[in-house]
Structure formats: structure tokens, C-alpha cells
Amino acid sequence: MGIMPAIQDFADDLVAIRRDLHAHPEIGFEEVRTSDVVAGKLASWGIEVHRGVGGTGVVGILQGALGPGRRIGLRADMDALPIEELTNLPWRSTRPGTMHACGHDGHTTMVLGAARYLAENRNFKGTAVFVFQPAEEGLGGARAMLADKLFERFPCDEIYGLHNAPYLEPGQVAVWPGEAMAAGDFFDIRIRGAGSHGAMPQESRDPVVIAGALIGALQTVVSRNTHPLKAAVVSITQVHAGSAYNVVPEEAALAGTIRTFAPEVRAMVHERIRTIARGLAVSFGAEIEVDIRTIFNTLVNHAEPAAAFAEAARDIVGAENVITEPRPMMGSEDFADMLHQVPGAYCWVGHSGTVPLHNPSFVLGEEILPVGASLLARIVERRLAA
């Protein structure tokens with residue numbers, strides 16, 4: 001079947017929408033302009049619009065022309081990242097320190113493309129629900145929409161989402177049942193010691209030295225406490241201490257992330273981090289506070305929707321380009337919370353970009369836009385066939 005001809009016909013419009021969103025990125029729960037664009041496009045196509053769901057979220061409702069039936073959701077994330085863009089493209093970010101470095105501008109555009117096609121054709125029985133979510137990047141946007149009774153107000157029998165994948169070939173689609181993305185936690189560790197003159201460290205309880213010991217000790221949580229066949233990651237991504245060359249500071253701070261799949265591994269990692277911190281606090285005569293926050297659940301694709309998504313992908317990109325063998329990823333995605341409440345599936349779509357996600361030089365291959373829009377429209381038509 002390939003890209004839907006009707007969607008290919010307005011592919012240039014999709015590029016224009018995506019470039020506009022890219023030039024005006026907004027971080028989580030600040031997607032005011034983005035939600036204005038989304039709501040305006042949906043309304044212009046005759047789709048019922050609901051705003052302010054979970055903060056800046058938008059939901060569109062479209063009835064098919066073939067009568068009442070089941071309800072299929074399509075979800076896009078809208079937020080950008082606090083990253084300074086380095087691409088120098090004509091449509092680069094106009095907002096200093098903010099960039100669509102994860103391609104959410106493309107995801108929003110692809111769901112809009114599917115919505116336009118479905119609104120113009122309505123060749124389905126039932127209801128399409130378009131969910132535009134704020135704040136996916138660790139700020140809990142999915143949970144905010146669910147707390148705002150997303151699925152009570154806008155019921156879905158199934159829901160589908162996707163993500164661009166610069167590590168796949170253009171036109172490839174990957175989707176499989178079961179565990180697909182890891183649970184993700186963030187942690188902050190504050191170390192309170194005693195400061196001194198930098199030339200008299202014997203008078204201090206140096207929090208920088210304690211931080212160094214803690215960094216080293218935390219590397220054993222995975223290497224010496226986790227079963228080798230059960231995946232886990234502990235990454236310290238921030239170290240903060242001091243403000244002068246000749247002062248041993250009073251405090252130091254560490255921050256980072258934990259990624260796991262199995263609940264028992266997640267619990268063990270949390271316990272070991274706290275235990276190691278308590279032990280080092282006693283050893284060095286300092287105070288160490290540990291704050292661990294569960295941000296993402298494990299993303300688990302439901303079997304039947306995953307198979308249906310794969311079939312829809314075969315229609316669009318060909319069977320040879322659909323990957324269904326499991327390739328669980330240590331990255332996290334808060335669409336997992338929606339899949340905990342409603343059956344569905346999440347897939348990855350390859351494109352010509354070669355720079356990794358969350359990189360200031362990330363470029364989305366725009367040939368993905370009609371591919372993703374066609375895939376999303378196709379899953380609605382397949383699952384809501386008369």
C-alpha cells in the first residue's frame with residue numbers, strides 16, 4: 001500500500017507545521033503556543049477539541065462515517081528539552097536554551113497528519129481520539145492527564161503511540177509485544193559535611209571527597225548486586241560542589257537516573273543506594289540525604305495491539321521493513337502510564353537523521369512525517385473497520 005496518497009498530497013503542509021513547531025519549542029507544561037497550533041488545526045478540520053487536559057494537553061474527538069463503534073486513541077507528546085540548538089537550520093529554535101532535540105515536534109505533526117486524513121475521509125466505524133500530551137520529558141505529563149480523568153472523559157478501547165528512531169533505517173518500523181522500554185527513576189543526593197580553608201583540609205569533613213567515594217561505591221549496585229541477566233542502569237549525571245578555588249565547601253550534591261525492568265530489581269537498586277549512602281555517612285561523619293523519585297513505569301506493549309500495529313506497518317512500509325523481534329530499550333517513556341490503563345502499543349519509526357536523540361545537533365529526517373501519519377491513520381482504519 002505504501003504512504004497513503006492523500007497524506008502524501010499534503011506532505012508539504014506537514015513539513016511546514018513541523019518546522020513551525022520546531023522553531024517555537026516549549027518545555028513541559030509550558031506548551032501554550034504548541035497547544036494553540038494543535039487545537040487550531042484540529043478545529044479547522046472539523047474535529048471536536050478539548051483543551052487544558054492535564055495542564056496544556058489537548059484532546060480531539062472524531063466520529064467515523066460508518067456509524068458508532070469502538071474508540072481508538074492516538075497519542076503524541078508535545079514538549080521540548082532545555083537544550084541550546086546547534087544545527088543552524090533555517091527553522092532552528094528561536095528560543096534560547098530550548099530545542100526539540102527528541103523530535104516531539106515530529107510526533108505532534110504525525111498525529112495531526114493522521115487526524116487531517118481521518119477527518120477528510122472518516123472511513124471508519126467508531127471514534128478516533130487524538131491525545132496531545134504535555135511534559136513527557138520527566139515531568140509527568142501522562143500522569144497529569146490521567147489525574148485529569150483522561151480515559152474517563154475520553155474513553156479509549158486501545159491507544160497507540162510512536163517515536164522517531166535515528167538508529168533505524170528510513171522507513172523501518174519496530175514494534176513487539178511485552179517489555180519495550182525501561183522504568184525510569186531520578187535521584188538527588190545531598191551531602192553535608194564541614195567546610196574549611198582549602199589549605200587546611202584536616203579541619204573539614206570534605207563533601208567532595210565523600211561524593212567521590214559515593215560515586216565509586218554506587219557503581220557496584222549494578223556490577224555486584226544485580227543478576228547479570230536482569231538489566232539495570234545507575235547513571236550519575238550531575239555533580240555540584242563549591243564556588244571557590246581555596247574553600248572546601250560545606251555541601252555537595254549528586255543527581256542521576258536509574259533504569260530497570262523488573263520491579264524487584266528496581267526495589268533492590270533503591271535500597272542499595274540508600275544503604276550505601278547511610279554507610280558512607282557514618283564512615284565520614286557527614287549527613288547524606290537520598291531522594292529517589294519514580295518517574296516512568298516499564299512500557300509494556302499489549303500482544304494483540306502490538307500485532308495489529310505491525311500489520312498496519314506492513315501496509316505502509318512493507319513486511320521487509322517491519323521489525324518484531326524484541327529489542328527492549330533502557331530509555332523510558334511515560335506513555336507507559338497510559339498503557340497501564342488501556343491496552344495499546346508503541347512503535348519506533350526510522351528516518352534519515354544520524355545524530356542521537358537529546359543531542360543539540362539532532363535533526364529529524366522529515367521524510368518520516370507522511371510515513372508516521374499514514375501508519376497512525378492506518379491503525380485507526382484497521383481497528384475500526386466496518
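Atom set for the values below is all heavy atoms of this structure, side chains included, hydrogens, waters and symmetry mates excluded. As the structure is a computational prediction, the values presented were derived from the model and not from experiment.
Between Glu251 and Arg190 there is a salt bridge, since a side-chain N of the basic residue sits under 4.0 Å from a carboxylate O of the acidic one. Asp185 and Arg266 are joined by a salt bridge, as a carboxylate oxygen and a charged side-chain nitrogen come within less than 4.0 angstrom of each other. Ion pair Arg383/Asp157 not flagged as a salt bridge, since none of the NZ, NE, NH1 or NH2 atoms sits closer than 4.0 Å to an Asp/Glu carboxylate oxygen.
For the atom pair CG of Leu14 and CZ of Arg116, the computed distance is 7.5 Å after rounding to the nearest 0.5 Å. Separating the CD atom in Glu137 from the CD1 atom in Ile295 is a distance of 12.0 Å, to the nearest 0.5 Å. Ile368 CD1 to His351 NE2: the interatomic distance, rounded to the nearest 0.5 Å, is 5.0 Å. In this structure, Leu376 CG and Ile72 CD1 are separated by 12.0 Å, a value rounded to the nearest 0.5 Å. In this structure, the separation between SG on Cys102 and NE2 on His107 is 6.5 Å, given to the nearest 0.5 Å. Separation of atoms CD (Glu287) and CD1 (Ile210) is listed at 10.5 Å; rounding is to 0.5 Å.
Within the 4.5 Å cutoff, side-chain heavy atoms of Leu357 are placed close to those of His163. Residues Ser35 and Phe132 form no side-chain contact, since every pair of their non-hydrogen atoms from C-beta on lies 4.5 Å or further apart. Counting heavy atoms from C-beta outward, Val317 and Gln172 have side chains that stay 4.5 Å or more apart. Residues Leu214 and Ile236 are not in side-chain contact: their nearest non-hydrogen atoms beyond the backbone lie 4.5 Å or more apart. Between Ile379 and Leu74 the shortest side-chain heavy-atom distance falls below 4.5 Å. Using a 4.5 Å heavy-atom cutoff, the side chains of Phe284 and Val209 are in contact. A heavy-atom distance below 4.5 Å is not found between the side chains of Arg272 and Val222. For the pair Leu254 and Val239, the minimum side-chain heavy-atom distance is below 4.5 Å.
When hydrophobic clusters are built by joining Ile, Leu, Val, Met, Phe, Trp and Tyr residues whose side-chain heavy atoms come closer than 4.5 Å, directly or via intermediates, Val234 is not grouped with Phe186. Connection of Val233 to Met268 is not established within any shared hydrophobic cluster, with ILVMFWY side chains joined at heavy-atom distances below 4.5 Å, either directly or through further cluster members. Ile292 and Met330 fall into different hydrophobic clusters, where Ile, Leu, Val, Met, Phe, Trp and Tyr residues are linked whenever their side-chain heavy atoms come under 4.5 Å apart, directly or through other members. Trp45 and Val15 end up in the same hydrophobic cluster when Ile, Leu, Val, Met, Phe, Trp and Tyr side chains are linked at under 4.5 Å. Each of Val32 and Val38 belongs to its own hydrophobic cluster when Ile, Leu, Val, Met, Phe, Trp and Tyr are linked at side-chain heavy-atom distances under 4.5 angstrom.
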inquiry  = Working note: Val173 + Ile316, criterion side chain to side chain contact (heavy atoms under 4.5 Å, CB included); need CA distance, chi angles, decisive distance, verdict.
reply    = CA-CA 10 Å; Val173 174; Ile316 305 303; over 6 Å; no
inquiry  = Apply salt bridge (charged side-chain N to carboxylate O under 4.0 Å, His left out) to residues Glu271 and Arg274 and explain how you reach the verdict.
reply    = CA-CA 5 Å; Glu271 186 275 332; Arg274 292 190 173 98; over 6 Å; no
inquiry  = Using the rule given for side chain to side chain contact (heavy atoms under 4.5 Å, CB included), can you reason through Leu89 versus His22, listing the C-alpha separation, both sets of side-chain angles and the distance that settles it, and then say yes or no?
reply    = CA-CA 10 Å; Leu89 292 167; His22 190 87; 5.5 Å; no
key: Test side chain to side chain contact (heavy atoms under 4.5 Å, CB included) applied to Arg19 and Leu364, step by step   = CA-CA 10 Å; Arg19 291 183 179 181; Leu364 182 75; over 6 Å; no
key: Audit row: Arg95, Glu30, salt bridge (charged side-chain N to carboxylate O under 4.0 Å, His left out) steps and yes/no   = CA-CA 13 Å; Arg95 296 183 172 168; Glu30 297 180 10; over 6 Å; no
inquiry  = Run the side chain to side chain contact (heavy atoms under 4.5 Å, CB included) test on Glu366 and Thr109 for me, step by step, so that the C-alpha distance in whole Å, both residues' side-chain angles and the decisive distance to 0.1 Å come before the verdict.
reply    = CA-CA 10 Å; Glu366 291 176 328; Thr109 301; over 6 Å; no
Worked check of side chain to side chain donor-acceptor pair (under 3.5 Å) between Gln133 and Asp334 = CA-CA 10 Å; Gln133 180 206 305; Asp334 74 355; 3.0 Å; yes
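Between Met4 and Ala377, the closest heavy-atom pair is SD-CB, 4.0 Å. Closest approach of Leu118 to Ala128, counting heavy atoms only: CD1-CB, 4.5 Å. Of all the heavy atoms in Gly113 and Phe10, the pair that sits closest is O-CZ, 3.6 Å. Closest of all the heavy-atom pairs between Ala194 and Val248 is O-CG1, 4.3 Å. Considering every non-hydrogen atom in both Ala241 and Val208, the closest pair reads CB-CG2, 3.8 Å. Residues Val111 and Ala76 share a closest heavy-atom pair of CG2-CB, 3.5 Å.
Residue-environment remark: CG (Asp12) stays at or below the threshold of 12 foreign heavy atoms within 6.0 Å.
Evaluation of the salt bridge (Lys or Arg N to Asp or Glu O under 4.0 Å) rule for Arg153 yields Asp148 as partners, not counting sequence neighbours.
Proximity of a side-chain donor or acceptor of Thr94 to a complementary backbone N or O of Ala23 within less than 3.5 Å is detected. For the pair Thr298 (side chain) and Phe261 (backbone), a donor-acceptor distance under 3.5 Å is present. Distance alone, capped at 3.5 Å, places no donor-acceptor pair between the Arg92 side chain and the Thr87 backbone. A donor-acceptor pair under 3.5 Å is absent between the side-chain atoms of Asp337 and the main chain of Phe296, judged by distance alone. A donor-acceptor pair is defined here as one N or O able to donate and one able to accept, closer than 3.5 Å; such a pair exists between the side chain of Ser204 and the backbone of Pro201. Within the 3.5 Å criterion, the main-chain N or O of Gln63 finds a donor-acceptor partner in the side chain of Arg122. Looking only at distances, a side-chain donor or acceptor of Asp79 sits under 3.5 Å from a matching main-chain atom of Glu136. Side chain of Ser196 to backbone of Met200: a donor-acceptor contact under 3.5 angstrom is found. A donor-acceptor pair is defined here as one N or O able to donate and one able to accept, closer than 3.5 Å; no such pair exists between the side chain of Glu31 and the backbone of Glu26.
The other residues sharing a hydrophobic cluster with Leu168 are Val53, Val59, Ile61, Val129, Val131, Met145, Leu146, Leu150, Phe151, Phe154, Ile159, Tyr167, Trp176, Met181, Leu299, Ile323, Met329, Phe335, Met338, Leu339, Val342, Tyr346, Trp348, where clustering joins ILVMFWY side chains under 4.5 Å apart.
No side-chain donor from either of Glu304 and His302 sits under 3.5 Å from a side-chain acceptor of the other. Using modelled atom types, one finds a donor on one side chain and an acceptor on the other under 3.5 Å when comparing Glu367 with Ser352.
A side-chain contact (heavy atoms from CB on, under 4.5 Å) with Glu85 holds for exactly one of Ser361, Pro96, Ser93; it is Ser93. Exactly one of Ile276, Thr275, Val282 qualifies for a side-chain contact (heavy atoms from CB on, under 4.5 Å) with Arg278. That residue is Thr275.
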